[in-house]
Amino acid sequence: MFGSPVPPIAGMSTELDYDPIAVETKWQQRWAERGTNTLTDGQLRDAERPFYNLMMFPYPSAEGLHVGNMYAFTGADIYGRWKRLQGEQVFEPIGFDAFGIHSENFALRMGTHPMQLIPSNIRNFTRQLKRIGAMYDWNHTVDTTDPEYYRWTQWLFLQLFKAGLAEKKQAPVNWCPSCKTVLANEQVIGGACERCGTVVEQRTLSQWFFRITRYAERLLDNLRWIDWSETTRKAQENWIGRSEGAELRFTVASPWRASAGSAAATAVDEARAYHASHPENGGYEQHLEIPVFTTRADTIFGATFLVLAPEHPVVAWVTTPERAGEVAAYRERAAAMDLVTRKKTDKEKTGVSTGGYATNPATGERIPIWIADYVLMEYGTGAIMAVPGHDQRDFEFARQFGLGIRRVVAGPGESAATPLDEAYIGEGTLVNSGDFDGMPTEQSRHALTMWLAERGAGEPRVNYRLHDWCISRQRYWGPPIPVIYCDACGTVPVPESDLPVRLPLVDNYKPDESGISPLARAEDWYRVACPQCGGPARRETDVSDTFLDSAWYFLRYPSAHRADTPFDRELTKKWLPVNMYIGGEEHAVLHLLYARFITMALRDLGLVDFEEPFLTFRKHGLLIKEGSKMSKSRGNVVIPDQYIEKWGADTFRTYLMFLGPYQEGGDFRDQGLQGPYGLLNRLWDSIVPLDRLGTDPAPEALERKLHQTIRKVTEDIAALRYNTAIAALMEYLNAVREGGRKVNRAEVEPMVPLLAPFAPHIAEELWERLGHEGGIFSGHNWPAFDEDKARDAAVEVAVQVNGKLRARLMLPAGTGEDVARAAALADENVRRHMGNLTVRKAIYVPDRLLNLVVG
RNA sequence: GCCCGAGUGGCGGAAUGGCAGACGCGGGGGACUUAAAAUCCCUAGCCGGCAACGGCGUGUGGGUUCGACUCCCACCUCGGGCACCA
């Protein structure tokens, strides 16, 4: 029956049982030997169908590869393998984002120096990554802690510096008292440190910033055309936070002048500084204008007071001597408050009057100036015009302190005299607004702005929530910011020829409370000669944010070997922008925003030819375990190794993709692995031993199902619907093996490439056993489907009577309504439900459904 | 409070406005086996019925439609993001 055993061919496997570990070990070795997954620099240069398939590179933690990493990587790898089976030349690199607070904190906890710990983590991570069966190009990896990498990170800083996009400025910044460093706005989640969860303090420090705000408009506009997951786009849109309104200026009616030598000398200094940065206001001591940002210029007639943020530089200037004590006390209290408490919205409004007055440019009235912590220095101008009638916060404040409330908008059914129990936020028509009475609010916003503009009291303005990117970190484990401070020459960039500025080996790298970087302890490192004048100078001792390392790594991969340039012009042109980028949603406003900004800046500097780095981005979902979030404290974190040992990487990969829609995540259950294992095992069993395979052509019904399956798997993978693609393969194999029938080669052979993206090792093995040479991924081996062959000859048509299912009829595909109707009316059950009623109307969806409406 | 998602069998999850529950796990029964694994067959939303079949059923309430898991309105619950943003 089985024929005579085939004599073993040299190098061919003859094992009859599916042994995942043996198969996987064998193929991983072969891939490495053959260089299956690596591109030579020549291939990179000459590729005709380049496809850059990118996944967010990992931070190599000491805990090792987490199943979350593997989930992300596998989903991305499947896409890359699929593209490759379609004949594209796929570049799929991997690297390590190994600088940063997270690594450093871990090293501190372990008591091991990061310069020792990180390389060992990377080795361990690499070992794990090699087992998951991804087609990484191990010839083109990056490690952000390698001086040959970070020299270019520093180079990047210098390019931005030269372009005026990097500036050092004194600014209120987020300080994490636990990590003992400043954080970018994007790294503060709900007022707490993204890394450690500690409530963040506010400090005023001099820090390096990248002027990402200059790109706010373009970062926002491009979101309209880049092909990104909708949720990610939305997150960026919200983060950038564009709002259209006006800047309006209120003249201080009674500027109080500090007498020389008084305690208010600082106040005068602050006011001078304020004027220096607002030359448009005219000179100091001429008059003083306080600009406010508002989206509701239509309510200007209702602005009955001004509120400044406690930190606002003109506070001391407008405060009268009688109020100075209370104002100072309030400012101190506000400064001492942590951000979470300060930004709580449910607490009672607090504030104090400065005693100063300003003039409402619309009404000419004198209105009091207050300070309150509900006004934030970091948004808008740090000052607001308070319109208690039409802003709930201002309303509460006015109630609290007995300030005037005036209605200037009448909603539907309201008049100028309708009392206000709470702020009326909605639209309506203007009242109590002079000549503008009766004008609809939407229209009056512009009209009033223009009216005020004519009188020099304001102009239209767009405001963004986005802040400049603070990149200074008072930590050790990062690339030193390549700047030297010289008493004579000031801030001097390190000459490019002196890069990299190596991170020195410092034994005591622990951060401290002072806000001064650990590198400041390495005196023989930071004392240098000024590159300009040769005089004594000192290096910047802060390092840069990890997110700078990862903001350009995708540019480095193709040029990973190049010592002369960060990214080769021609290679970059060929391979970028990235064709497909897959990663986690948690980086929507961090990495993804920064990478876009850096790319735009490089484009403006003429260094790359595109301004969006990732044409297509897809976020993957999150895995949970047995219904609850995976976390170390719950002890339910899945470590891939043990599963790979038990089931093999192919089963594990396939299961991860099967357990739910990739872009939404899913629930990991140990029991679930059995299903995908069964698929692989049954496919193996259907093909091995080869001489048991039939050589007949597939019966028509199976051939049809095969073509339907090819179509479905192709479409589903393209849309990252991996779970349903796998389900289709299972369904097809069930049909092939139904009733234990003898399987023909023509029925199962095409399944091998269809399964290959998910389970590449077993696919290679079966492909080889089927007699193919050179490996399944060596060329265009993805099967094509034939629409004609995929078409069903007979279809089941549902018959409804008044919308309820009463029969199912097998009819030839393409049956016309008349024939279908006749068949339906011949059905006994249909007739029974119709009784003696007549058909009033029939809805016929060919090949699907016939609904008879009777009455 | 605002902005996104999502609520479907015992469970994970499928369904261009057209047969709800594909596929898988788990369960029950059976075949093969000394036995187990693997494999195969049958069964399986809930209620009633021996069955044919009927009724009910996609978080809740309404609406649009011949027909709604799918579209619209209101609400509830869960997850995520933002949050005194002027």
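Chain identifiers are assigned alphabetically (A, B, ...) following the order of the sequence lines, protein sequences preceding nucleic acid strands; residue numbering begins at 1 within each chain.
- Between the CD atom of A/E731 and the C1' atom of B/G21 there is a distance of 13 Å, rounded to whole Å.
- Between the P atoms of B/C69 and B/A15, the separation comes to 15 Å (whole Å).
- Using cut-offs of 30° and 60° on the angle between ring planes, the pair A/Y662 and A/H620 is tilted.
- In this structure, of B/C23, B/C25, B/G18, it is B/C23 that holds the atom nearest to the side chain of A/N734.
- Comparing the C1' positions of B/A14 and B/U65 gives a spacing of 25 Å, expressed to the nearest Å.
- Contact annotation for A/N723: backbone-only contact, meaning every heavy-atom pair under 4.0 Å involves sugar-phosphate atoms and none involves a base.
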Checklist entry - Do A/T724 and A/F658 pass the side-chain contact (heavy atoms from CB on, under 4.5 Å) test, and can you show the C-alpha distance, the side-chain angles, and the key distance before you say yes or no? => result CA-CA 7 Å; A/T724 50; A/F658 180 66; over 6 Å; no
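- A salt bridge is defined here as a Lys NZ or Arg NE, NH1 or NH2 lying under 4.0 Å from an Asp or Glu carboxylate O, and A/D685 with A/R692 meets this definition.
- With salt bridges taken as basic N to acidic carboxylate O contacts below 4.0 Å, none links A/R393 and A/E396.
- Using a cut-off of 4.0 Å between Lys/Arg side-chain N and Asp/Glu carboxylate O, A/E244 and A/R445 are scored as not salt-bridged.
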Next on the checklist: Applying salt bridge (charged side-chain N to carboxylate O under 4.0 Å, His left out) to A/K349 and A/D373, what does each step give before you reach the verdict?
Outcome noted: CA-CA 8 Å; A/K349 294 274 179 292; A/D373 67 2; over 6 Å; no
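- B/G17 and B/G54 have their C1' atoms separated by 27 Å, with the value rounded to a whole Å.
- Nearest to the side chain of A/T724, among B/A15, B/C85, B/U16, sits B/A15.
- Between A/R296 and B/A86 there is no side-chain polar atom (N or O) within less than 4.0 angstrom of OP1 or OP2.
- Glycosidic conformation of B/G5: anti, with the torsion beyond 90° of 0.
- Within 4.0 Å of A/V375, counting heavy atoms only, lies at least one base atom of the nucleic acid.
- For B/C25, its base never sits under 3.5 Å from the side chain of A/R669 at any donor and acceptor pair.
- As judged by a 4.0 angstrom heavy-atom cut-off over every strand, A/D17 is placed among residues making no nucleic acid contact.
- Counting heavy-atom neighbours within 6.0 Å of A/E442 CD, excluding the residue itself, gives a total above 12.
- For A/F397 and A/F305, the distance between ring centers is under 6.0 angstrom.
- Going from the P atom of B/U39 to that of B/C25 covers 9 Å, rounded to whole Å.
- By the 4.0 Å N-to-carboxylate-O rule, A/R721 lies too far from A/E715 to be salt-bridged with it.
- Note on A/R840: nothing from the nucleic acid sits closer than 4.0 angstrom, heavy atoms only.
- The side-chain heavy atoms of A/F652 and A/L656, taken from C-beta on, include a pair separated by under 4.5 Å.
- At the heavy-atom level, A/G739 lies under 4.0 Å from the strands shown only through sugar-phosphate atoms.
- Nucleotides B/U64 and B/A74 place their C1' atoms 15 Å apart, quoted to the nearest Å.
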Nucleotide N/O to protein N/O under 3.5 Å, stretch nucleotides 50-59 of chain B:
{"residue": "B/G54", "atom": "OP1", "partner": "A/R806", "partner atom": "NH1", "Å": "3.3"}
{"residue": "B/G54", "atom": "OP1", "partner": "A/N829", "partner atom": "ND2", "Å": "3.2"}
{"residue": "B/G54", "atom": "OP1", "partner": "A/H833", "partner atom": "NE2", "Å": "3.1"}
{"residue": "B/G55", "atom": "OP1", "partner": "A/R806", "partner atom": "NH2", "Å": "3.3"}
{"residue": "B/G55", "atom": "OP2", "partner": "A/R806", "partner atom": "NH1", "Å": "3.2"}
{"residue": "B/C56", "atom": "OP2", "partner": "A/K804", "partner atom": "NZ", "Å": "3.0"}

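- Among the atoms of the strands shown, base atoms are found under 4.0 Å from some heavy atom of A/F658.
- Using a 4.0 Å heavy-atom criterion, one finds that A/L376 contacts the bases of the nucleic acid, with or without backbone contacts as well.
- Among the heavy atoms of the strands lying under 4.0 Å from A/E738 are primed sugar atoms or P, OP1, OP2 only; no base atom is included.
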Next on the checklist: Working note: A/E237 + A/R224, criterion salt bridge (charged side-chain N to carboxylate O under 4.0 Å, His left out); need CA distance, chi angles, decisive distance, verdict.
Outcome noted: CA-CA 10 Å; A/E237 198 182 306; A/R224 283 204 292 263; over 6 Å; no
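- With A/N463 contributing its side chain and A/S243 its backbone, the two residues share no donor-acceptor pair below 3.5 Å.
- Nucleotide B/A22 holds its P atom 18 Å from the CG atom of A/L679, rounded to whole Å.
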Contact list (N/O, under 3.5 angstrom) for nucleotides 62-67 of chain B vs protein:
{"residue": "B/C66", "atom": "O2", "partner": "A/N851", "partner atom": "ND2", "Å": "2.6"}

Item to check | Pairing pattern in dot-bracket form [Watson-Crick, G-U; both distances under 3.5 Å; | = partner strand] for RNA chain B | outcome: (((((((..(((.....[....))).(((((.......))))).((((....))))..(((((..]....))))))))))))....
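- Look at A/R741 and you won't find any side-chain N or O under 4.0 angstrom from OP1 or OP2 of B/C40.
- Taking atom P in both B/G10 and B/G45, one finds a spacing of 10 Å when rounded to whole Å.
- Atom CE of A/M630 is separated from atom P of B/G79 by 17 Å (rounded to the nearest Å).
- Cation-pi check for A/R465 over A/W239 is met; the charged atom lies under 6.0 angstrom from the ring centroid and within 45 degrees of its normal.
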